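Below is one structure; the comments refer to it alone.
As the structure is a prediction and not an experimental result, all values here were calculated from the model.
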Amino acid sequence: MTVWRVRPTVVLAHLARTSVSLATHGANKTAHWAPDGSRIAIETETSHLVLVNVSYPTSAYAPYASLSQPSSSQRHFLPGAGEGHLLPSVSLRFEGVVRIQGDLLWPSHQLEEYTYGMSEEAEGALARQDVAWEGTCIHGARPRSPPTSAPPSEQQDIDTLAVDLDRTLVVDTDPLEDVDPIRSELDPGDRATFAALNYKFSLITVGTQSGAILLYPIPLSPSSPPPAVVQKLSHWSQTGAVQTMEWTSDGYAFAVGWEKGWGLWLPGNFELLVLSGTGTTSNGSRPSELFCIPFAKSAVTGQQTPDNTRYAFLQMDDKVMVYRGADQPDMSVINPESDVWQHIKIPASYIASNWPIRYASISADGRLIAVAGRRGLIHYSMASGRWKLFQDVGQEQAFVVRGGLVWFHHVLIAGVEASRSHQVRLYSRDLELANMNVLHREMFPTAVLLLSLVDNSLLVYTADNTLYHYLAGAHEVKYDMQILADRIEFCWIHLSGIGTLENSLWGYDGKGIRVWLDALTIEGGAVNQTREIYDSVKESVFIPLDFYPLSVLMDKGIIIGVEHEALTRSSLPFAMFKIFSSTHLFVHHVLRYHLTRGQIREAVLFASHYQQLVYFSHALEILLHTVVEAEADFEDSTEVLSSDKANGEATNLGTLPTVIEFLDHFDESLEVVVGCARKTEMARWKRLFGIVGSPQTLFETCLNSGLLKTAGSYLLVLHNLEEQHEDGVETSTHANAVRLLQKAAAAQDWVLCQEMLRFLHSTDDSGDALREALKESGVLQRLES
């Protein structure tokens, strides 16, 4: 067994078991730290627990002693991130071995005891047993059999996870209660090999012999019903069985190690540690290398506050990145190759001693940033480009940020833990960081778990399940609690949105964004006088996404996110990962919501806010194309038109007529219709032009309005209809082309003239049509004159 230091990546201690110990108690399977770091429990392949004492001697020889350097050299050899502290001396010593009756399946290491689930093969039953860290077996209990003395878990009442002989997964949420445990059948021939518990989000991840990964949501209390949904994550058969899994401390990601590879779901952690050891070296020993793989994550995962969602704000272990595309021209925003990320380095003097970054927060205007690492905090101003740090390092090291950081104008609000007290402190951006400059201290009886600031309301959630609400100024408060949705990873709040989006709520559920329009409009809600609550808010729009969203640029109608790509080369023994920006227009989703309800006026008002964008017509084209495709697919399965028995006329039941009426309010309507037609199958043109009008008529309108380029697009539509002998072609393609060529030559649009000549040549390989068109249009005469 080897104990490593992550930063720098070096070995601190090593302990080898003898051949007799390996033969008697089995080879090492996995290891678990005690919560206080004083012991390590090693699980073996023969269901033994080997207890190892961990001590930190101060007088012993330090394996990595710091060498004194002259002051002139110290400037050139600065410590890196996490390398500011001296490496400690670590001593490992065997304490004893505990024999487990049955197969050891799942551990739950607590402060005073080591709880694990097991299956007793002799009886095919499930059992639970606690072992004190000193090695004494306290008790054993079967599910639904109350133990004689069972101290509850300090984190959650989840005590047993096992697989019986019938391949049934069982989670006993509380052995003291006589309740049915959660059961779920595994695939025939498969069996569980490893399990990992996510306390923050009440999830259990189970790895199987086939390499599959099962995600089980567990009830929050024994009285709540067992969940019916079990998610099976994608896996590949060639990976082999699952060997190990680990959740990140924030609960947003977990890593899995198979026999033939490793993977990561929802990368939200700082670093993934991979210990090599699948083969042997040339001298027969196993390789001893530890790879530290850094990841970027959204700052929202550590600090759920509206300001962190207003800007795309990424957090790494030693730096932060801010998306600045909102300040760029419209085309730069939607161009994935644009360099729109600002990288902000953390001061070396702070990150060397306080790595990694645990919290990061950005102000409402995007000009102020605050970060907190292992201890203390610092903040940054975009205007000056400088960081402010504690001048007294002792004051910095005296507290730990717990619960997060939020900005209220120029005031930084921080939840801290100092001298065994739980506080919320207020720091001014304009003053130096020092204890004497703290503007206010608010004390709490328990630890602060989460800070959030909405407008002028500060919300503080503490460990005793209490929510504190503080207001800046005298305001009347009325609470309305509703459960809008579950399985929401994070959300955005827009109190001052555009049109319909004002007071809207946006939530990301892993598959897309769910929008509740007017969810926060308290004044406009209908009140039930008997129950004194507002009517339930319904979900309005769902926006599917294929990337990870970070922010919503409200004034540009775009959702900003990131995704990664892997690059491999045969000349390199490793893969390279690149993060790049992705965008998705949301304007057409909101417009469709209004138009499906016949709200043309509201749709026009909403669209007018985005009319100045260069890609506005593209958004309208997506709207029309989506509706055309959706109604065409619906027609394939059922009849959309119903006969009016009174006059025998057909009445449209779809949304397409409403969309066409909406488009008529904008000058881009002719361009939008033909752009949609060229991207749609010809079989669906009949319904589209049956509502919009004849393409010949639209072509004439474009000619008369001087929209020559758009007329050229309609000419292609007319040519396709003419080839298919469809209705709606009143004039030959050749005649239309000659007229358009004359108009283009008169307007001296030579680029369009060139395209028209190329089109005429493509319709007749002999060249007769081209020569005739040049003669009829008089283009050559115009060029000569």
Side-chain angles (χ1 to χ4, degrees), residues 329-331 607-608 611-622 624-625 660-680 682 685 688-785:
D330 297 342
M331 293 306 297
S608 63
Q611 197 168 359
Q612 78 284 355
L613 298 176
V614 296
Y615 44 81
F616 176 69
S617 59
H618 178 62
L620 298 182
E621 184 178 318
I622 296 176
L624 180 59
H625 183 268
I660 299 301
E661 182 180 352
F662 159 77
L663 291 176
D664 289 338
H665 289 79
F666 301 96
D667 298 335
E668 297 86 353
S669 59
L670 291 172
E671 177 186 352
V672 169
V673 171
V674 71
C676 174
R678 296 185 62 183
K679 296 179 178 63
T680 307
M682 286 188 60
W685 285 5
L688 173 63
F689 289 111
I691 298 175
V692 178
S694 168
Q696 181 68 48
T697 304
L698 299 178
F699 174 78
E700 299 291 344
T701 303
C702 291
L703 281 182
N704 298 331
S705 303
L707 302 175
L708 302 183
K709 188 174 181 180
T710 306
S713 298
Y714 278 104
L715 181 64
L716 297 177
V717 173
L718 291 170
H719 174 65
N720 290 330
L721 292 175
E722 185 179 35
E723 287 186 335
Q724 298 296 326
H725 305 289
E726 296 284 347
D727 297 334
V729 182
E730 302 169 6
T731 308
S732 67
T733 301
H734 180 80
N736 287 330
V738 171
R739 295 168 57 203
L740 179 57
L741 186 59
Q742 291 175 337
K743 290 276 188 178
Q748 296 186 351
D749 189 345
W750 306 120
V751 175
L752 180 60
C753 289
Q754 184 181 10
E755 293 177 355
M756 293 302 305
L757 295 176
R758 188 182 297 112
F759 166 75
L760 288 169
H761 178 68
S762 66
T763 59
D764 182 11
D765 295 337
S766 65
D768 294 339
L770 178 59
R771 285 189 289 270
E772 184 178 351
L774 288 172
K775 181 179 179 180
E776 294 179 7
S777 62
V779 173
L780 296 179
Q781 292 80 356
R782 286 180 178 273
L783 290 175
E784 293 174 355
S785 60

>> Taking side-chain hydrogen bond (donor to acceptor under 3.5 Å, both in side chains) as the cut-off, I'd like each qualifying pair that reaches into residues 701-710, sequence neighbours left out, listed once.
In response: none
> Which pair of heavy atoms, one from Glu722 and one from Ser732, lies closest together, and at what distance?
Replying inline: OE2-CA, 3.7 Å
>> Quick check: closest heavy atoms across Ala607 and Phe662, and the distance to 0.1 Å?
In response: CB-CZ, 3.8 Å
>> How close do Val673 and Leu688 get, counting heavy atoms only, and between which atoms?
In response: O-CD2, 4.4 Å
> Just one of Leu670, Thr697, Leu698 clears the side-chain contact (heavy atoms from CB on, under 4.5 Å) bar with Val692, so which one?
Replying inline: Leu698
> Which residue pairs pass the salt bridge (charged side-chain N to carboxylate O under 4.0 Å, His left out) test when at least one of the two sits in residues 741-756, sequence neighbours left out?
Replying inline: none
>> Let me confirm one number: the CZ-CG distance from Arg758 to Leu760, rounded to the nearest 0.5 Å.
In response: 11.5 Å
>> Evaluate Leu757 against Leu741 for side chain to side chain contact (heavy atoms under 4.5 Å, CB included), listing each step before the verdict.
In response: CA-CA 8 Å; Leu757 295 176; Leu741 186 59; 3.9 Å; yes
>> According to ring-ring contact (aromatic ring centres under 6.0 Å, His included), who are the partners of Phe699, at least two apart in sequence or on a separate chain?
In response: none
> Shortest non-hydrogen contact from Trp685 to Ala677?
Replying inline: NE1-O, 2.8 Å
>> I need the Thr733 OG1 to Leu721 CG distance, nearest 0.5 Å.
In response: 9.0 Å
> If you round to the nearest 0.5 Å, how far is OG of Ser669 from CG of Leu620?
Replying inline: 9.0 Å
> For Asp667, what residues pass the side chain to side chain donor-acceptor pair (under 3.5 Å) criterion, not counting sequence neighbours?
Replying inline: none
> Below 4.5 Å, heavy atoms only, C-beta onward: do Phe666 and Val672 meet side chain to side chain?
Replying inline: no
>> Just verifying a value: how many Å separate Leu707 CG and Tyr714 OH, rounded to the nearest 0.5 Å?
In response: 9.5 Å
>> Applying side chain to side chain contact (heavy atoms under 4.5 Å, CB included) to Leu770 and Thr763, what does each step give before you reach the verdict?
In response: CA-CA 9 Å; Leu770 178 59; Thr763 59; over 6 Å; no
> Who pairs with His618 by side chain to side chain contact (heavy atoms under 4.5 Å, CB included), at least two apart in sequence or on another chain?
Replying inline: Leu585, Tyr615, Ile622
> What pairs meet the side-chain hydrogen bond (donor to acceptor under 3.5 Å, both in side chains) rule with one or both residues in residues 670-680, with sequence neighbours excluded?
Replying inline: Glu621-Lys679
>> According to side chain to side chain contact (heavy atoms under 4.5 Å, CB included), who are the partners of Glu661, at least two apart in sequence or on a separate chain?
In response: Ile600
> If you measure from SG on Cys753 to CG on Leu740, what distance do you get to the nearest 0.5 Å?
Replying inline: 8.5 Å
>> Under the criterion side chain to side chain contact (heavy atoms under 4.5 Å, CB included), I'd like the reasoning laid out for Asn736 against Gln696: C-alpha separation, chi angles, the key distance, then a yes or no.
In response: CA-CA 9 Å; Asn736 287 330; Gln696 181 68 48; 3.3 Å; yes
> Which residue pairs pass the ring-ring contact (aromatic ring centres under 6.0 Å, His included) test with at least one member in residues 751-771, sequence neighbours excluded?
Replying inline: His719-Phe759
